[in-house]
Amino acid sequence: MTIAHQRVDDVHVFDLQGQLNSGNAAAAESDILAQVTGGARKVVLDLTALDYISSAGLRVVLVAAKRLKQAGGKLVLVGMQPHVREVFDVSGFLAILNVVPDRPSALGQFAGT
């Protein structure tokens, strides 16, 4: 898996590509939380190129969302492939996370904040 990080104004966007599983979840969590610890409060996870997510990967997303919420921030997920979306749906995470269809919609979640 690869993670690319970029900033769009004050929004931190992480592009996840490949598979987020137990073999790389700790590294992914570390990369994302390092930005949150460093002050990021507006975070987008772009899952457009994510082919697979395991329960360990779901934990990464949940930990990031929880840490951001505690810090007064917000996490938005974008671009889920149908099979990845199904994993989020079955786990019940779609009901508790902010999920939008595309990157402009994700960035729009932070407009005026």
Side-chain angles (χ1 to χ4, degrees):
M1 185 187 79
T2 59
I3 298 178
H5 172 245
Q6 64 179 312
R7 286 185 68 168
V8 178
D9 297 321
D10 59 346
V11 179
H12 292 258
V13 179
F14 293 89
D15 292 291
L16 281 62
Q17 182 176 4
Q19 298 186 3
L20 183 53
N21 55 39
S22 59
N24 55 30
E29 182 175 324
S30 178
D31 288 351
I32 296 166
L33 293 184
Q35 295 299 319
V36 176
T37 301
R41 296 296 175 260
K42 301 173 183 179
V43 176
V44 171
L45 296 184
D46 190 330
L47 309 179
T48 303
L50 190 69
D51 301 321
Y52 171 82
I53 189 165
S54 71
S55 58
L58 288 173
R59 182 188 174 283
V60 170
V61 175
L62 195 59
V63 167
K66 182 178 178 183
R67 191 75 58 88
L68 278 160
K69 186 174 182 179
Q70 290 170 341
K74 183 177 181 179
L75 175 70
V76 178
L77 305 178
V78 62
M80 285 185 190
Q81 298 295 327
H83 50 283
V84 170
R85 186 177 186 88
E86 184 177 347
V87 173
F88 276 89
D89 188 27
V90 168
S91 69
F93 283 17
L94 289 182
I96 60 172
L97 296 170
N98 296 314
V99 181
V100 297
D102 54 42
R103 191 174 286 202
S105 299
L107 296 173
Q109 294 281 311
F110 300 108
T113 61

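Since the structure is predicted, the reported quantities are computational estimates derived from the model, not experimental observations.
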Checking Arg85 now: which residues fulfil salt bridge (Lys or Arg N to Asp or Glu O under 4.0 Å) with it, not counting sequence neighbours? none

Transitively linked via ILVMFWY side-chain contacts under 4.5 Å: [X] with [Y]?
X     : Y     : value
Val78 : Val84 : no
Val43 : Leu77 : yes
Val11 : Ile3  : no
Val44 : Leu62 : no
Phe88 : Val90 : no

Heavy-atom closest pair, residues His83 and Asp51: NE2-O, 2.8 Å

How far does [atom1] of [X] sit from [atom2] of [Y], to the nearest 0.5 angstrom?
X     : Y      : atom1 : atom2 : result
Asp15 : Gln6   : CG    : CD    : 5.5 Å
Asn24 : Ser54  : CG    : OG    : 8.0 Å
Lys66 : Lys69  : NZ    : NZ    : 10.5 Å
Asp9  : Leu107 : CG    : CG    : 8.5 Å

In this structure, are over 12 heavy atoms from other groups packed under 6.0 Å from [X] atom [atom1]?
X     : atom1 : result
Arg59 : CZ    : no
Arg41 : CZ    : yes
Gln19 : CD    : yes

Residue set satisfying side chain to side chain donor-acceptor pair (under 3.5 Å) with Ser91, at least two apart, ordered chain then number -> none

